[in-house]
Amino acid sequence: FEEYARRGWIDEQLVRSRALYARRCSLLLAALERSMPEQVEWTHPSGGFFSWLTLPVDAGELARRAVGSGVAVVPGALFFPDGRGTTNVRLSFSNVADELIDVGVDQLAALVAQA
């Protein structure tokens, strides 16, 4: 790592990584805009690898149904020790191939609409 940083390769990697994650974030936000029912809200990240959705349904139940459809989301209640987050899910875009973002959001949107 020391040599990697000393030679400036880490700076080159950071440029590529930022471009990759910015593209995936944009793809996620565009898919949410296209597919999610009107009553769903989401964050527009200015950093990080996640967007948070606020849903009109129980997030834990949605997460259980989503995993059965091949879509993984993390229920928000896991992040709050005080019981909040029951209508929130955290969506990660960092490790999802570009071409799968639309597919996953479409499947999740269909599950929300069914609830």
Side-chain angles (χ1 to χ4, degrees):
F1 179 80
E2 183 272 331
E3 182 173 353
Y4 193 77
R6 186 173 37 78
R7 290 181 183 236
W9 295 338
I10 196 163
D11 297 325
E12 297 169 12
Q13 180 59 47
L14 286 172
V15 169
R16 288 190 300 272
S17 294
R18 286 183 184 121
L20 170 72
Y21 297 129
R23 182 181 71 244
R24 288 184 177 165
C25 181
S26 293
L27 289 170
L28 175 66
L29 295 175
L32 291 169
E33 188 68 38
R34 264 192 318 276
S35 300
M36 278 296 157
E38 185 175 296
Q39 63 272 36
V40 177
E41 298 177 355
W42 53 89
T43 62
H44 291 78
S46 58
F49 303 111
F50 311 101
S51 178
W52 285 87
L53 272 63
T54 301
L55 306 163
V57 299
D58 178 81
E61 178 58 31
L62 178 69
R64 284 186 285 282
R65 290 179 34 233
V67 78
S69 297
V71 178
V73 297
V74 182
L78 297 174
F79 298 93
F80 296 94
D82 61 1
R84 292 180 297 144
T86 59
T87 60
N88 301 105
V89 295
R90 187 176 82 164
L91 295 181
S92 173
F93 53 82
S94 64
N95 199 28
V96 180
D98 291 4
E99 61 274 7
L100 295 179
I101 291 174
D102 276 340
V103 173
V105 170
D106 286 347
Q107 290 174 339
L108 189 61
L111 291 171
V112 172
Q114 290 171 4

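FYI, side chains are in, hydrogens and waters are out, and symmetry mates aren't considered; it's all heavy atoms of this structure.
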I need the minimum non-hydrogen distance between [X] and [Y], along with the two atoms involved.
X     : Y      : result
Pro45 : Phe50  : CG-O, 3.0 Å
Arg65 : Ala115 : NH1-CB, 3.8 Å
Ser51 : Leu32  : OG-CD1, 4.3 Å
Gly85 : Phe80  : CA-CD1, 3.8 Å
Phe93 : Gly48  : CZ-O, 3.5 Å
Val40 : Leu55  : CG1-CD2, 3.9 Å

Do other residues, nucleotides or ligands put more than 12 heavy atoms under 6.0 Å from the CG atom of Asn95?
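Atom CG in Asn95 is not crowded, with 12 or fewer foreign heavy atoms closer than 6.0 Å.
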For atom CD of Glu99, is the number of surrounding heavy atoms from other residues, nucleotides or ligands below 6.0 Å larger than 12?
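Atom CD in Glu99 is packed in, count exceeds 12.
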What about [X] and [Y], same hydrophobic cluster or not, with Ile/Leu/Val/Met/Phe/Trp/Tyr joined at side-chain heavy-atom distances under 4.5 Å?
X      : Y     : answer
Leu100 : Leu53 : yes
Leu91  : Phe79 : no
Trp42  : Tyr21 : yes
Val74  : Val71 : no
Val105 : Leu27 : yes

Side-chain heavy-atom pair [X], [Y] within 4.5 angstrom cut-off:
X      : Y      : answer
Ile101 : Arg24  : yes
Pro56  : Thr87  : no
Leu111 : Gln114 : yes

Separation between [atom1] of [X] and [atom2] of [Y], rounded to the nearest 0.5 Å:
X      : Y     : atom1 : atom2 : value
Asp106 : Arg34 : CG    : CZ    : 7.5 Å
Phe49  : Arg90 : CZ    : CZ    : 11.0 Å
His44  : Glu33 : NE2   : CD    : 6.5 Å

Any donor and acceptor pair, going by atom type alone, linking the side chain of Thr86 with main-chain N or O of Asp58 inside 3.5 Å?
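No, because the side chain of Thr86 does not come within donor-acceptor range (under 3.5 Å) of the backbone of Asp58.
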